[in-house]
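As the structure is a computational prediction, the values presented were derived from the model and not from experiment. Any value given below was found using the heavy atoms of this structure, including those in side chains, with hydrogens, waters and symmetry copies removed.
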Amino acid sequence: MAVSSECPHCHTPNGLARKVCSKCNAKIPLSGLRYWLRFWDHDGVSKKESLGKVTLKEAKDAEQQRIVDAKSKKRVGSELTWKDLSDRYLTKLQAENASNRYTSDNRLYFERFMDYFGRDNSISETTPALIRSFRSDLRTAGLSEATCDRHLAAGKAAWNYSVDQVKN
């Protein structure tokens with residue numbers, strides 16, 4: 001999220017640190033400005049909202065409130081566990097008549113995911129740092145780069161499929 005001020009002359013948004021407008025080079029006054037808040041909604045879409053002519057403190061307070069609201073919203077798929085994710089995706093593969101080799105490989109990948117992250121742990125608790133740690137542990141176990149990539153690709157495909165199912 002970011003707060004920006006609007007140039008009173010050309011209405012171009014400028015960062016808070018700017019003293020002159022990036023478009024018209026007019027001096028930006030310290031008060032009486034219209035502020036804008038740029039944020040990403042829960043679907044990852046960039047949005048921009050006018051805060052109107054408020055003080056800088058009010059604009060920053062609005063930004064902090066938006067951050068608190070975003071964190072308190074339940075994320076899509078947050079109730080899914082690693083076991084649910086695995087079951088849904090493997091069922092999809094069987095319904096699509098995926099090859100036995102591909103299905104058995106994915107079953108193995110998900111077993112490793114579930115052993116590492118926990119079968120009944122929510123997938124929403126999985127952070128990028130944990131994924132990097134998982135990948136590192138796979139490499140330490142002697143798996144090749146390509147095999148590690150296949151694990152992550154299977155996890156990503158299952159995640160995308162399951163999130164689409166939850167949204168629908």
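- Tracing side-chain contacts under 4.5 Å through hydrophobic residues (I, L, V, M, F, W, Y), one never reaches Leu108 starting from Trp159; they form parts of separate clusters.
- In this structure the side chain of His151 reaches within 4.5 angstrom of the side chain of Arg112, judged on heavy atoms.
- Here Arg107 does not pair with Glu111 in a salt bridge; the nearest charged N to carboxylate O distance is not below 4.0 Å.
- With sequence neighbours left out, the side-chain hydrogen bond (donor to acceptor under 3.5 Å, both in side chains) criterion links Thr147 to Ser144.
- Heavy-atom contacts from other residues, nucleotides or ligands closer than 6.0 Å to CG of Asn100 number 12 or fewer.
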Considering only distance and modelled atom types, tabulate donor-acceptor pairs under 3.5 Å from the side chains of residues 6-14, sequence neighbours left out.
from: Glu6; atom 1: OE1; to: Trp36; atom 2: NE1; distance (Å): 2.9
from: Glu6; atom 1: OE2; to: His11; atom 2: ND1; distance (Å): 3.1
from: Asn14; atom 1: OD1; to: Ser22; atom 2: N; distance (Å): 2.9
from: Asn14; atom 1: OD1; to: Ser22; atom 2: OG; distance (Å): 3.0
from: Asn14; atom 1: ND2; to: Thr12; atom 2: O; distance (Å): 2.9

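- Side-chain heavy atoms closer than 4.5 Å link hydrophobic residues (I, L, V, M, F, W, Y) into clusters, and following such links, possibly through other members, connects Val54 to Leu16.
- A salt bridge does not link Glu145 to Arg150: none of the charged side-chain nitrogens sits closer than 4.0 Å to a carboxylate oxygen.
- A 4.5 Å side-chain heavy-atom check between Ile131 and Phe117 finds at least one atom pair inside the cut-off.
- Between Thr91 atom OG1 and Tyr161 atom OH the span is 8.0 Å, to the nearest 0.5 Å.
- Under a cut-off of 6.0 angstrom, the local environment of NZ in Lys92 is crowded, with over 12 non-hydrogen atoms contributed by other residues, nucleotides or ligands.
- Rounded to the nearest 0.5 Å, atoms CG (Asp149) and NZ (Lys156) are 11.5 Å apart.
- Residues Leu90 and Asn106 meet the side-chain proximity criterion, which asks for heavy atoms closer than 4.5 Å.
- Grouping the Ile, Leu, Val, Met, Phe, Trp and Tyr side chains by contacts below 4.5 angstrom, directly or via other members, places Leu130 with Phe110.
- Residues Ile28 and Tyr35 share a single hydrophobic cluster, defined by chaining ILVMFWY side chains whose heavy atoms lie under 4.5 Å apart.
- Counting heavy atoms from C-beta on, the side chains of Ser122 and Thr81 never come closer than 4.5 Å.
- A distance of 15.0 Å separates NZ of Lys83 from CZ of Phe113, quoted to the nearest 0.5 Å.
- Trp82 and Thr126 form a side-chain donor-acceptor contact under 3.5 Å, judged by distance and modelled atom types alone.
- Considering only heavy atoms from C-beta on, Ser50 comes within 4.5 Å of Arg34 through its side chain.
- Using a 4.0 Å cut-off between charged side-chain N and carboxylate O, Glu49 and Arg38 make no salt bridge.
- Note: Arg119 CZ to Met114 CE = 4.5 Å, rounded to the nearest 0.5 Å.
- Remark: Ser133 pairs with Tyr116 by the side-chain hydrogen bond (donor to acceptor under 3.5 Å, both in side chains) rule, at least two apart or across chains.
- Scanning both residues, Leu37 and Ala62, for their nearest heavy atoms gives CD2-O, 4.3 Å.
- Looking at Gln65 and Asp61, their side chains never come closer than 4.5 Å, going by heavy atoms from C-beta outward.
- We find the CG-OG distance between Leu93 and Ser99 to be 9.0 Å, quoted to the nearest 0.5 Å.
- Between Arg135 and Leu152 there is a side-chain heavy-atom pair separated by less than 4.5 Å.
- Rounding to the nearest 0.5 angstrom, the gap separating the SG atom in Cys148 from the CG atom in Leu143 is 5.5 Å.
- In the hydrophobic cluster analysis, where Ile, Leu, Val, Met, Phe, Trp and Tyr join through side-chain heavy atoms closer than 4.5 angstrom, Tyr89 is grouped together with Ile123.
- Using a cutoff of 4.0 Å between basic side-chain nitrogens and carboxylate oxygens, Arg88 and Asp84 are not scored as salt-bridged.
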